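Scroll down for the structure; my scribbles are underneath it.
Below, read A as the first sequence line, B as the second, and so on, with proteins coming before strands; counting in each chain starts at 1. This structure is a prediction, so every number in the text was calculated from the model and none was measured.
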Amino acid sequence: MGVPLRDLLKDYRTVTGWEDLRGIAAVDAFNTLYQFLSIIRQPDGTPLVDGSGRVTSHLSGILFRNMNFIQKGIRPVYVYDGRPPEFKEGTIEERRVVRDTAREQWREALERGDIQEAAKHARASSRIDTGVIDTSKRLLRLMGIPYIEAPSEGEAQIAHMVMQGSAQYAVSQDYDTLLFGTPVLVRNMTISGKRKLHGRLITVSPEKILADRVFSGLSISRMDLIRIGILVGTDFNDGVPGIGPKLGLRAVREGRFDAIVSERMPDVDVPDILDFFEHPPVTDDYSLGWEEPDTDGIISMLCGEYAFSEERVRKVLGAEVTGTGQKTLSSWF
DNA sequence: CTTTACGA
DNA sequence: TCGTAAAGG
């Protein structure tokens, strides 16, 4: 989900080449995992699974994407969500119901033989459980890629790391990191550059959003963007019906935020949410280090436990080690 | 999503 | 070589 500010920010996206993305990337782990789990599926919605039925879609995504990142000189650090704030409980429960419903609709569509409908519901039924979290961390560790646990929202921690200069940019498909204060957000960090949209195959490239350009272009402050987010809806509150990005921007510019909040959002703890976006729980208690991928360990895990093809795994790992030096991980040190 | 296979 | 379809687990 994420805060629906796409229409407001669409003029501030700039296509970026991979060369500009060299450096440390603070990646929203949950956002990435959800993407992999929902998209890496067969036409009828069945995810990749091993012989025991354990889902492996996320492992495939992590392996191939990160080997590509490494090759391009990108050093990713994955940031996992910690404990969500109290006021997120409603959203969490809402999403659980949506997932469970989708799972049932997936089954029903399959019985009808409606493949397209089945795939749609399958995607919506995706859930990041502890198995997904644990196996993703294990694979990242074997790949020599660091990950950290955020005290609360991963997106807040990512924004903090970019603000501190510990990372060059935030990676997420959602815009929430901008509310949390990241100076730079990069979306569409995808290698293949292709995506199905309305049945058509379109080209997608990494796009960069610079917070300062957004603020100066719209003549608003970061706090104003947070206020607009609250009016249109965030992970922590429902938006006001009838107020989208356009009206939200106008309302905040005209100083009507407080009035709308008191009139239309009587049950929302707006001061706490504002404060959470402005001063979220974050930590500086981490250290980042990248190491050479443990080829044997990765093969042992993916091929030995999760039925990956050893030929494919060796190939993607070998391409990295075989380089002439410039593209290898060791060239970072 | 990313890789791989395959026909133009 | 390129573009599209299918596979991967």
* Asked: Are any side-chain N or O atoms of A/Ser152 and backbone N or O atoms of A/Arg83, one a donor and one an acceptor, separated by less than 3.5 Å?
  -> yes
* Assign A/Ser309 to base, sugar-phosphate, or nothing according to its heavy-atom contacts below 4.0 angstrom with the strands shown. => sugar-phosphate
* Structure fact -> When rounded to whole Å, the CG to P distance for the pair A/Leu37 and C/dG9 reads 16 Å
* Hey, which of A/Thr32, A/Asn31, A/Asn188 is the one that makes side chain to side chain donor-acceptor pair (under 3.5 Å) with A/Gln173? -> A/Asn188
* To do: Say whether, by atom type as modelled, one donor and one acceptor occur between the side chain of A/Thr56 and the main chain of A/Leu48 under 3.5 angstrom.
  => yes
* Assess whether one donor atom and one acceptor atom, taken from the side chain of A/Gln42 and the base of C/dG9, lie less than 3.5 Å apart. => yes
* **Side-chain H-bond candidate by donor/acceptor type, A/Tyr147 with A/Ser136, under 3.5 Å** => no
* Give me the residues of residues 129-137 of chain A where at least one heavy atom lies under 4.0 Å from an atom of DNA chain C, by number, or none. => none
* Asked: Checking all strands, does A/Pro47 fall into the base, sugar-phosphate, or nothing category for heavy-atom contacts under 4.0 angstrom?
  -> base
* To do: Report yes or no: does A/Trp106 contribute a side-chain atom to a donor-acceptor pair with the main-chain N or O of A/Asp44 at less than 3.5 Å?
  => yes
* For A/Phe87, all residues meeting ring-ring contact (aromatic ring centres under 6.0 Å, His included), sequence neighbours excluded -> A/Phe236, A/Phe276
* To do: Say whether, by atom type as modelled, one donor and one acceptor occur between the side chain of A/Ser52 and the main chain of A/Asp50 under 3.5 angstrom.
  => no
* Sub-3.5 Å donor-acceptor pair from the side chain of A/Arg13 to the main-chain atoms of A/Lys10, do we have one? -> yes
* To do: Summarise how protein sits on nucleotides 1-8 of chain B as a single string, 5' to 3': B when a protein heavy atom is under 4.0 Å from the base, S for sugar-phosphate-only contact, - for no contact.
  => BBBS----
* Structure fact -> A/Arg54 atom CZ is separated from C/dG8 atom P, nearest whole Å, by 19 Å
* To do: Return the value, rounded to whole Å, for the distance between atom CG of A/Asp44 and atom P of C/dA6.
  => 14 Å
